[in-house]
2 protein chains.
Amino acid sequence: MKLAKLSVMRLFQYKEFLIRAKSIGIKNLFSDDLAEAMGTTSTQVRKDFSLFGLSGNKRAGYKLDDLLAQLNELLGKNEKQRVVIVGAGNIGRALMKYEGFYKDGLEIVALFDSDPNVYNETATPPVLPLEHLYEFVNRNKIEVGVIAVPYHAAQQVLDIMILAGIKGVMNFAPIALRAPKDLYINDVNLKLELESVAYFVNALKRDRTKNDV
Amino acid sequence: MKLAKLSVMRLFQYKEFLIRAKSIGIKNLFSDDLAEAMGTTSTQVRKDFSLFGLSGNKRAGYKLDDLLAQLNELLGKNEKQRVVIVGAGNIGRALMKYEGFYKDGLEIVALFDSDPNVYNETATPPVLPLEHLYEFVNRNKIEVGVIAVPYHAAQQVLDIMILAGIKGVMNFAPIALRAPKDLYINDVNLKLELESVAYFVNALKRDRTKNDV
DNA sequence: GATTATACGTGAAAAGATTCACAAAAACTA
DNA sequence: TAGTTTTTGTGAATCTTTTCACGTATAATC
C-alpha cells in the first residue's frame with residue numbers, strides 16, 4: 001500500500017471525532033458533518049475514505065458504528081502497541097503522564113534516562129537507566145520509541161534503538177537523524193512550530209501594513 | 001508574500017544548524033553541507049533560499065555569517081515575540097520550562113489556568129487565573145498564544161484570545177478550532193503523531209510479510 | 001411504482017511541492 | 001590571462017495532494 005501519510009493522519013482524526021459523536025448519541029452522519037467538524041471539505045473526507053476503501057451509503061451517508069468499525073480495522077485499534085520513551089525531561093514526562101494513549105492502543109511501558117536521580121524502577125511506567133534500553137527493548141520486542149533527549153544525544157539513542165529492534169520513532173530532538181529507510185521516523189519540533197507561528201504573525205502584519213499604504 | 005509554510009519551517013531549521021556550525025568554528029559552507037545535515041537535498045536548500053532571496057557565492061558557497069544575518073533578518077530574530085500559554089497541565093508546563101525559546105526571540109510571559117491550585121503570581125513566568133487572560137493579553141499587546149487545555153475548553157479559550165488581540169496560535173487540543181482566517185493556527189496533535197508512528201510500523205510489517213510470501 | 005432529491009464515489013483538473021537540468025558566475029590552475 | 005572546475009540560481013518537468021465535476025445509487029415523496 002502507498003504511504004498516504006496525510007490521509008492516514010486524517011483518518012485517525014475522523015476516528016477521534018466519531019468516538020465523540022457516538023458518545024453523544026449520534027448514529028448516522030454525512031461527509032459534510034465530518035468535514036465541518038474537522039475543518040476540511042466533504043470531498044477531502046470522501047477522497048480519504050475512497051483511498052482506503054471505506055464506504056457509506058449514497059443518499060443516506062454513513063452509519064457511525066459501521067464507519068468506526070471499518071476505521072478500527074484499518075488503523076489497528078486491536079493491535080496494542082507498546083512504546084518506550086527515552087529522556088525523562090519535560091517532554092518525556094509530559095507524554096508519560098498523558099492518559100489518552102492507553103485507550104487507543106498505545107501503552108508507555110518504560111522511560112529511560114542517563115540521570116540516576118530520576119531512576120524509579122517501581123513506578124508505572126518505570127524510569128530505568130539508559131544502559132538497560134537495548135536489553136529491555138530487545139527482550140520485550142518493543143517496536144515504537146520516543147526520543148526526547150537533547151539533540152547531541154539523539155543519534156546515539158537512535159542507534160541503540162535500531163539495534164534493539166525498534167521500527168518506528170517519534171523524535172523530539174531538533175536534528176535530522178540518520179537511519180535505514182525501513183525505519184519510520186516522525187520528527188516533531190515544538191520550538192520550530194512555535195517559532196513559525198511567531199513568524200507568520202509578523203509576516204501577516206507586515207503584509208497588512210504594506211497593503212494599507 | 002506567499003505563505004510557503006514548508007519552506008519557512010526549513011529556513012528555521014537551517015538557521016538552527018548554522019548556529020551550531022558557527023559555534024564549532026565553521027566559516028563557509030555549501031548547499032550540500034546544509035542538505036546533508038538536514039536530511040534533504042542541496043537543490044531543496046537552494047530552492048528555499050531562492051524563494052526568499054537568500055544568496056551565496058557561485059563556486060564558493062555561502063559565508064556562514066552572511067547567511068545567518070540574512071536568515072535572522074528574514075525570520076525576525078530581532079523582533080522579540082511574547083507568548084502566553086493557556087493550560088498549566090503537562091504540556092503547558094513542559095513548554096514553560098523549555099529554556100531554548102528565549103535566545104530565539106520567544107518569551108513565555110505568563111501561563112493561565114482555571115485551577116486555583118496551580119496559581120502562582122510570583123513565579124516567572126507567573127501562573128494566573130484564566131479570568132485574567134483577556135485583560136493581560138489586551139494590556140500587554142500579546143500576539144501569540146498556546147492552547148494546551150482539554151479539547152472541550154479549547155474553543156472558548158481561543159475566542160477570548162481572539163477578542164483580546166492574539167494573531168497566532170499553537171494549538172495542542174485535538175479539535176478543529178473555528179477562527180477568522182486572518183488568525184494563524186498551528187495544530188500540534190501529539191497523540192496523533194505517536195499513533196501514526198504505530199500505524200506505519202504495523203503497516204510496513206504487514207507489507208513485508210506479504211511480500212515474503 | 002415512478003419520480004425526484006441528495007449524497008456518495010471517483011476520474012480529471014488544478015494547485016502545491018520537489019526534483020531535474022543546465023546556464024552562468026566565481027575561484028582556482030597553469 | 002585563458003581555460004577548467006565547481007557550485008549557485010532558477011525555469012521546466014515531475015510528483016503529490018487537493019479540489020472540481022459529474023455519473024450513479026439510494027432514500028424519500030407523490
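Proteins get letters first, then strands, A, B, ... in listed order; numbering begins at 1 in each. Here the structure is a predicted model, which means the values were calculated and not measured.
- In this structure, Lys80(A) forms a cation-pi arrangement with Tyr102(A), its terminal cationic atom sitting closer than 6.0 Å to the ring centre and no more than 45° off the ring axis.
- Figure legend: Arg20(B) and Tyr151(A) shown as a cation-pi pair, the cationic atom lying under 6.0 angstrom from the six-membered ring centre and within 45 degrees of its axis.
- Atom CG of Asn28(B) is separated from atom P of dT8(D) by 11 Å (rounded to the nearest Å).
- Heavy atoms of other residues, nucleotides or ligands lying less than 6.0 angstrom from NZ of Lys103(B) number more than 12.
- Ring centroid separation for the pair Tyr14(B) and Phe17(B) does not come in under the 6.0 Å cut-off.
- Separating the CG atom of Asp48(B) from the C1' atom of dT10(D) is a distance of 13 Å, rounded to the nearest angstrom.
- Within 6.0 Å of the CZ atom in Arg178(A), the count of heavy atoms belonging to other residues, nucleotides or ligands does not exceed 12.
- The shortest non-hydrogen separation linking Glu143(B) to Ile166(B) is O-CG2, 3.5 Å.
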Atom pairs and distances, donor-acceptor, side-chain atoms in residues 52-71 of chain B, under 3.5 Å, two or more places apart:
| unit_1 | atom_1 | unit_2 | atom_2 | d |
| --- | --- | --- | --- | --- |
| Asp65(B) | OD1 | Lys22(B) | NZ | 2.6 |
| Gln70(B) | OE1 | Ser55(B) | N | 3.4 |
| Gln70(B) | NE2 | Ser55(B) | O | 3.2 |

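- Among the protein residues, Phe49(B) comes within range of no part of the nucleic acid, since none of its heavy atoms lies under 4.0 Å from any strand.
- The local environment of CD in Gln156(B) is sparse, with at most 12 non-hydrogen atoms from other residues, nucleotides or ligands closer than 6.0 Å.
- Of the residues in residues 29-47 of chain B, Phe30(B), Ser31(B), Arg46(B), Lys47(B) come within less than 4.0 Å of DNA chain D through at least one heavy atom, sorted by number.
- Spacing between atom CG of Leu51(B) and atom C1' of dG16(C) amounts to 11 Å, rounded to whole angstrom units.
- Remark: Tyr62(A) is in phosphate contact with dG9(C), judged by side-chain N or O atoms under 4.0 Å from OP1 or OP2.
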### Summary
With sugar-phosphate taken as primed atoms, P, OP1 and OP2 and all else as base, the protein-contact string of nucleotides 24-30 of chain D at under 4.0 Å (heavy atoms; B, S, -) is BBBBS--
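- Looking only at atom types and distance, the side chain of Gln155(A) has a donor-acceptor partner in the side chain of Asp159(A) under 3.5 Å away.
- In this structure, Ser55(B) reaches the sugar-phosphate backbone alone: every heavy-atom distance under 4.0 Å involves primed, P, OP1 or OP2 atoms, never a base.
- For the pair Leu54(B) CG and dT10(D) C1', the interatomic distance rounds to 14 Å; values are reported in whole Å.
- Leu6(A) places its CG atom 15 Å from the C1' atom of dA15(C), with the value rounded to the nearest Å.
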